[in-house]
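All values below come from the heavy atoms of this structure, side chains included, with hydrogens, waters and symmetry mates left out.
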Amino acid sequence: MDILVNLQAFLATADASGFSAAARRLNVSTSVVAKRVTQLEARIGTPLFHRSTRQLRLTEAGQRYVHRARGVVTDAADLLSRMGEKGHDLVDHLRIKAPTSLTVARLADAFSAFQTQNPRLKLDIVLIDRPVDPVTEGFDIAIGAFPHSFGGVVDEPLCALKRLLCASPAYLKKHGTPKHPRDLVEHRCLSFLPTGPEWIFDGPRGRISIQVSPLLSSNEGHVLARSAIAGNGIALLSHYLVADALRDGTLKPVLRDFPIPELWVKAAVPERRRNAAAVQALLTLLKTSLAPSL
């Protein structure tokens with residue numbers, strides 16, 4: 001078990017960028033963490049950190065091995081959990097990447113319910129609005145709606161993501177209602193940064209691509225929704241963000257004859273973690289919570 005303990009010290013130090021912060025995470029003394037890392041370096045015959053009085057940073061070898069080490073520690077924890085589990089208790093440590101807006105609006109409640117059901121689980125939830133390879137970046141589950149795929153990763157579809165254009169009645173009264181996507185170049189547009197200013201529509205003769213010049217760009221959908229409600233422009237948003245505003249008339253759909261192609265929210269899971277009990281349990285909960293669509 002010394003190797004496993006030393007690997008845990010290595011990972012904690014890498015995550016915390018220092019022995020003292022790692023020691024606090026592991027609830028041991030700073031000298032113990034430093035000793036465990038030194039033992040690991042002696043075992044593999046190469047330094048894992050550049051040490052100085054001002055900072056601690058990974059060497060090239062440390063950067064190369066940190067994600068593999070995380071996988072080894074996670075697999076060991078999963079094995080020990082399965083060997084010692086009692087009843088239906090889940091014991092694991094999951095690192096989850098999730099998009100900001102979706103987490104704030106929907107996933108936070110699902111994660112909270114999951115941990116309430118499984119109090120022995122540890123969760124690291126990191127909000128990132130870009131494609132992530134869970135293998136190279138050390139995640140057990142990476143949730144997103146980007147169409148990227150990675151080697152050694154299984155994509156688990158969670159639900160369809162409906163999107164639409166919308167604007168406030170006041171904006172449309174003042175600036176007019178566009179009749180065709182090309183009219184948007186004359187309008188004030190509010191754009192979601194991760195998907196960019198190229199807006200794509202399904203027209204009667206096929207796909208239509210329009211490059212807009214956004215008045216406002218943000219990686220947080222709620223910011224765009226509030227700006228649209230305030231009458232600042234036309235926004236391309238996920239339906240779940242504006243469902244209430246559409247129901248009460250605060251926002252109005254725009255260009256209904258030119259729908260926005262649906263995306264799919266998916267969970268990217270490293271193949272080696274696909275059958276972990278905690279991963280499967282969380283995927284099941286997410287599919288139930290999000291289905292059939294957002």
Side-chain angles (χ1 to χ4, degrees), residues 96-114 125-132 141-148 157-172 175 177-178 181 184 187-202 210 212-268 285-294:
I96 303 162
K97 172 267 176 187
T100 304
S101 299
L102 182 57
T103 301
V104 171
R106 297 289 294 275
L107 294 180
D109 288 340
F111 292 144
S112 296
F114 184 63
I125 300 170
V126 183
L127 305 187
I128 301 175
D129 295 305
R130 61 172 172 80
V132 164
I141 299 175
I143 301 169
F146 294 100
H148 296 72
L158 299 179
C159 71
L161 179 63
K162 296 179 180 179
R163 300 180 296 158
L164 77 160
L165 285 190
C166 57
S168 71
Y171 174 87
L172 296 174
H175 297 277
T177 301
L184 292 169
H187 279 269
R188 298 159 67 89
C189 296
L190 315 176
S191 182
F192 188 52
L193 271 173
T195 51
E198 182 183 15
W199 291 4
I200 298 174
F201 303 83
D202 283 331
I210 300 294
V212 300
S213 298
L215 173 75
L216 170 66
S217 296
S218 176
N219 69 332
E220 217 298 290
H222 293 88
V223 173
L224 300 174
R226 298 308 301 175
S227 186
I229 290 170
N232 291 331
I234 298 174
L236 195 167
L237 290 168
S238 299
H239 185 271
Y240 71 88
L241 285 169
V242 293
D244 291 342
L246 292 170
R247 276 193 294 269
D248 64 24
T250 309
L251 289 175
K252 297 291 185 182
V254 176
L255 291 176
R256 280 183 163 180
D257 293 335
F258 297 88
I260 309 294
E262 283 186 355
L263 297 176
W264 269 88
V265 179
K266 63 181 182 178
L285 177 65
L286 290 174
K287 290 176 182 178
T288 302
S289 301
L290 299 177
S293 65
L294 288 169

Which pair of heavy atoms, one from Asn232 and one from Leu215, lies closest together, and at what distance?
O-CD2, 3.3 Å
Report yes if the side chains of Ser168 and Ile229 come closer than 4.5 Å at any heavy-atom pair, otherwise no.
no
Ser112 side chain to Ala108 backbone, donor-acceptor under 3.5 Å:
yes
Grab the two heavy atoms, one from Gly249 and one from Pro169, that are nearest each other, plus how far apart they are.
O-CG, 3.5 Å
Side-chain contact test, heavy atoms from C-beta onward, threshold under 4.5 Å: evaluate it for Leu127 versus Ile125 and give yes or no.
yes
Looking at side-chain heavy atoms only, is the closest gap between Leu286 and Leu107 below 4.5 Å?
yes
Going by heavy atoms in the side chains, are Ile143 and Leu158 under 4.5 Å from each other?
yes
Donor-acceptor pair, side chain of Arg130 and main chain of Pro194, under 3.5 angstrom:
no
Atom CD1 of Ile260 and atom NE2 of His239: how far apart are they, to the nearest 0.5 Å?
13.0 Å
Non-hydrogen atoms of Phe192 and Gly221 that approach each other most closely
CE1-N, 4.1 Å
With rounding to the nearest 0.5 Å, note down the distance linking CZ in Arg106 to OG in Ser238.
11.0 Å
Rounding to 0.5 Å, atoms CG (Leu165) and SG (Cys189) come to a distance of 8.0 Å
Quick check: do Leu102 and Leu161 have side-chain heavy atoms less than 4.5 Å from each other?
no
Shortest non-hydrogen contact from Tyr240 toward Ala105
CE1-CB, 3.5 Å
Just how far is it from atom OG of Ser191 to atom CD of Glu198, taken to the nearest 0.5 Å?
10.5 Å
Least distance between heavy atoms, Phe146 atom then Lys266 atom:
O-CE, 3.2 Å
Note, Leu255 side chain near Ile234 side chain (heavy atom, < 4.5 Å)
no
Count the heavy atoms of every other residue, nucleotide or ligand shown that sit under 6.0 Å from NZ of Lys252, and state whether that count exceeds 12.
no
Shortest non-hydrogen contact from Leu190 toward Trp199
O-CZ2, 3.4 Å
Once you round to the nearest 0.5 Å, how far does CG of Leu184 lie from CZ of Phe201?
5.0 Å
From Leu241, Thr250, Val242, residue fulfilling side-chain contact (heavy atoms from CB on, under 4.5 Å) relative to Cys166:
Val242
Quick one: NZ on Lys97 to CG on Asp129, what's the gap to the nearest 0.5 Å?
7.0 Å
